[in-house]
2 protein chains.
Amino acid sequence: MLNSKAFKALAHPVRRDILKRLRNGRLSAGEIAEAYDMSKPSLSTHFAVLKQARLIQSERKGNHIYYRLNVTVADEVVSALMDVFGTQKDNHKEK
Amino acid sequence: MLNSKAFKALAHPVRRDILKRLRNGRLSAGEIAEAYDMSKPSLSTHFAVLKQARLIQSERKGNHIYYRLNVTVADEVVSALMDVFGTQKDNHKEK
DNA sequence: TTGCTAATTAGATAATATGTTAAATAGCAA
DNA sequence: TTGCTATTTAACATATTATCTAATTAGCAA
């Protein structure tokens with residue numbers, strides 16, 4: 001299942017936090033790493049997990065690598081979770 | 001965080017599947033176990049993980065133990081996930 | 001090329017998760 | 001009590017995940 005990796009990726013609090021930081025646009029690996037008291041290779045591993053799950057996408061610009069949220073997959077995962085719980089899905093995009 | 005355990009619990013496909021089975025009402029441990037090609041102790045461990053995450057609740061009735069979805073926590077987790085992704089939240093309960 | 005910065009990959013290790021079989025617990029009924 | 005059923009807990013093996021330091025790759029500029 002496509003979503004199986006995504007759910008695993010979401011299991012780690014640091015990875016969920018990284019995704020939150022990407023809600024408002026792209027950030028470089030370094031910009032993200034600054035926020036954590038953790039080695040860069042460890043963060044890099046988290047990026048790789050998120051990328052494998054297709055929750056984020058990367059783009060190199062010079063010698064920075066920018067990450068951004070993959071909104072399409074994010075929406076799919078929300079839907080999948082709602083399906084797990086049988087949550088009522090709502091068509092409106094309001095408020 | 002309360003939801004951290006829930007996200008971890010959701011990382012395993014069997015556990016997500018168990019939750020789906022509970023969407024339409026309670027089931028006994030044995031009824032659930034029938035559906036999987038896995039030992040009962042393994043399933044029991046999965047129940048324990050879901051219970052610790054408060055995603056399910058249990059109730060003994062005779063010598064059966066019934067599990068049911070904790071809808072309140074399920075809703076909280078959906079909201080938490082939407083928060084992670086910055087998903088637009090919708091107030092309507094329609095369709 | 002050399003040097004600098006940004007980031008990843010490699011390799012080791014510790015911690016956590018998953019699954020098994022065997023044993024224990026709990027309820028019910030003869 | 002004894003025996004039967006349902007389920008969990010214990011003990012343990014193995015697989016996966018998380019983290020670190022050290023090494024490597026990639027881009028850019030003098």
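These numbers were taken from a predicted model, which means no experiment stands behind them. Computation of the quantities below employed the complete heavy-atom set of this structure, encompassing side-chain atoms and omitting hydrogens, waters and symmetry-equivalent molecules. Chain letters run A, B, ... following the sequence lines, proteins first and then strands; every chain starts at 1.
None of B/Leu43, B/Leu55, B/Val49 except one satisfies the side-chain contact (heavy atoms from CB on, under 4.5 Å) rule with B/Ile18; the exception is B/Leu43. Only one option out of A/Arg15, A/Arg21, A/Lys20 pairs with A/Asp17 in a salt bridge (charged side-chain N to carboxylate O under 4.0 Å, His left out); it is A/Arg21.
The side chain of B/Ser28 sits closest to D/dT7 out of C/dT21, D/dT7, D/dA22. Looking at the side chain of B/Tyr67, the nearest of the listed nucleotides D/dA18, C/dA17, D/dT7 is D/dT7. Nearest nucleotide to the side chain of B/Ser44, out of C/dT16, D/dT8, C/dT5: D/dT8. The side chain of B/Pro41 lies closest to D/dT8, out of C/dA7, C/dT5, D/dT8. Counting only heavy atoms from C-beta on, B/Ser42 has its side chain closest to C/dG19 among C/dT5, C/dG19, C/dT21. The B/Met38 side chain lies nearest to C/dG19 when the options are C/dA6, C/dT8, C/dG19. Of the candidates C/dA6, D/dA18, D/dT7, D/dA18 carries the atom nearest the A/His12 side chain, counting heavy atoms from C-beta on.
Look at CZ on B/Phe7: it is 18 Å from P on D/dT17, rounded to the nearest Å. Rounding to whole angstrom units, CZ of residue A/Phe47 and C1' of D/dT19 are separated by 15 Å. One can place CG of A/Leu50 at 16 Å from P of C/dA7, the figure rounded to the nearest angstrom. Per the geometry, CG belonging to B/Asn63 stands 20 Å off P belonging to C/dA24, to the nearest Å. Distance CD (A/Glu59) to P (D/dA26): 18 Å, rounded to an integer number of Å. Atom P of nucleotide D/dC28 and atom CD1 of A/Ile65 are separated by 12 Å, given to the nearest angstrom. Atom NZ in B/Lys5 sits roughly 13 Å away from atom P in C/dT16 (whole-Å rounding). Following rounding to the nearest Å, B/Lys51 (NZ) and D/dT8 (P) show an atom-to-atom distance of 8 Å.
Of the possible donor and acceptor atoms, one in the side chain of A/Asn70 sits under 3.5 Å from a partner among the backbone N and O of A/Arg54.
The line from NZ of B/Lys8 to CG of B/Asn3 is 13.5 Å long, rounded to the nearest 0.5 Å.
Side-chain N/O atoms of A/Lys40 include none lying less than 4.0 angstrom from OP1 or OP2 on C/dT8. The shortest distance between the side-chain N/O atoms of A/Arg60 and the OP1/OP2 oxygens of C/dA6 is not below 4.0 Å. For the pair A/Ser39 and D/dT21, the criterion of a side-chain N or O lying under 4.0 Å from OP1 or OP2 is not met. Under 4.0 angstrom from either OP1 or OP2 of C/dA7 there lies no side-chain N or O belonging to A/His46. A sub-4.0 Å separation between OP1 or OP2 of C/dG19 and a side-chain N or O of B/Tyr36 is absent.
For the pair A/Lys61 and B/Thr45, both in contact range of DNA chain D, the more 5′-proximal nearest nucleotide belongs to B/Thr45.
Salt bridge A/Arg23/B/Asp83: present, at least one basic N to carboxylate O contact under 4.0 Å.
Among the protein residues, A/Tyr66 comes within range of no part of the nucleic acid, since none of its heavy atoms lies under 4.0 Å from any strand.
Residues A/Leu27 and A/Tyr67 share a hydrophobic cluster, clusters being chains of Ile/Leu/Val/Met/Phe/Trp/Tyr side chains in contact below 4.5 Å.
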